[in-house]
Amino acid sequence: MKKKLLGILLGTSLVLAACGGNDGGDSKETSSGGVDAEKIVNNKCTSCHGGNLEGGMGPALKDVGSRLDKDQILEILKNGKGQMPAGLVEGEEADAVAEWLANKK
């Protein structure tokens, strides 16, 4: 019983960690007024995809643009895929992240 409870708690912790979080900072760059996609990726994606996007619990993204275009990446961000839940990044931020990742070749 204790092992099962510990497993549930550990699993829940991993899922919550994978969802990233908001570090309280604004996701906008102050100089250009645009969305800082790299900051969003660092805050919300690297816990599963690795600090250098080399992969981890999630697939490597360091060259994702050579496999998927912006629209395909945006679709995954919106709807999730595999273990990745839908909606971790939404709206203007999702569009900016999809464009930034599409340029990773």
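Keep in mind that the numbers below use all heavy atoms, side chains included, and drop hydrogens, waters and symmetry copies.
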Engineer: Look up atom CG in Asn103 and atom CD1 in Ile73, then write down how far apart they are to the nearest 0.5 Å.
Structural biologist: 8.5 Å
Engineer: From Lys62 NZ over to Ser66 OG, what is the distance, rounded to the nearest 0.5 angstrom?
Structural biologist: 10.5 Å
Engineer: Quick one: closest heavy-atom pair of Ala37 and Ala96, and the distance?
Structural biologist: CB-O, 3.5 Å
Engineer: Checking His49 side chain against Gly56 main chain: does a donor-acceptor pair fall under 3.5 Å?
Structural biologist: no
Engineer: Return the NZ to CD1 distance between Lys78 and Ile76, rounded to the nearest 0.5 Å.
Structural biologist: 12.5 Å
Engineer: For Gln72 and Asp69, indicate whether the former's side chain and the latter's backbone hold a donor-acceptor pair under 3.5 Å.
Structural biologist: yes
Engineer: What are the two closest heavy atoms between Ala98 and Leu77, and how far apart are they?
Structural biologist: N-CD1, 4.0 Å
Engineer: Rounded to the nearest 0.5 Å, how far does CE of Met57 lie from CE of Met84?
Structural biologist: 12.0 Å
Engineer: Nearest 0.5 Å please: distance from the OG1 atom of Thr46 over to the CG atom of Leu61.
Structural biologist: 10.5 Å
Engineer: Can you name the closest pair of heavy atoms from Val89 and Lys44 and give their distance?
Structural biologist: CG2-CD, 4.1 Å
Engineer: Considering residues at least two apart in sequence or located in another chain, which fulfil the salt bridge (Lys or Arg N to Asp or Glu O under 4.0 Å) criterion with Lys70?
Structural biologist: Asp95, Glu99
Engineer: Looking at every heavy atom in both Lys105 and Gly65, which two are closest together, and how far apart are they?
Structural biologist: NZ-O, 3.6 Å
Engineer: Looking at Gln83, I'd like to know if its CD atom is crowded, meaning that more than 12 non-hydrogen atoms belonging to other residues, nucleotides or ligands lie closer than 6.0 Å.
Structural biologist: no
Engineer: Between CG of Leu53 and CG of Leu101, what distance do you get to the nearest 0.5 Å?
Structural biologist: 7.0 Å
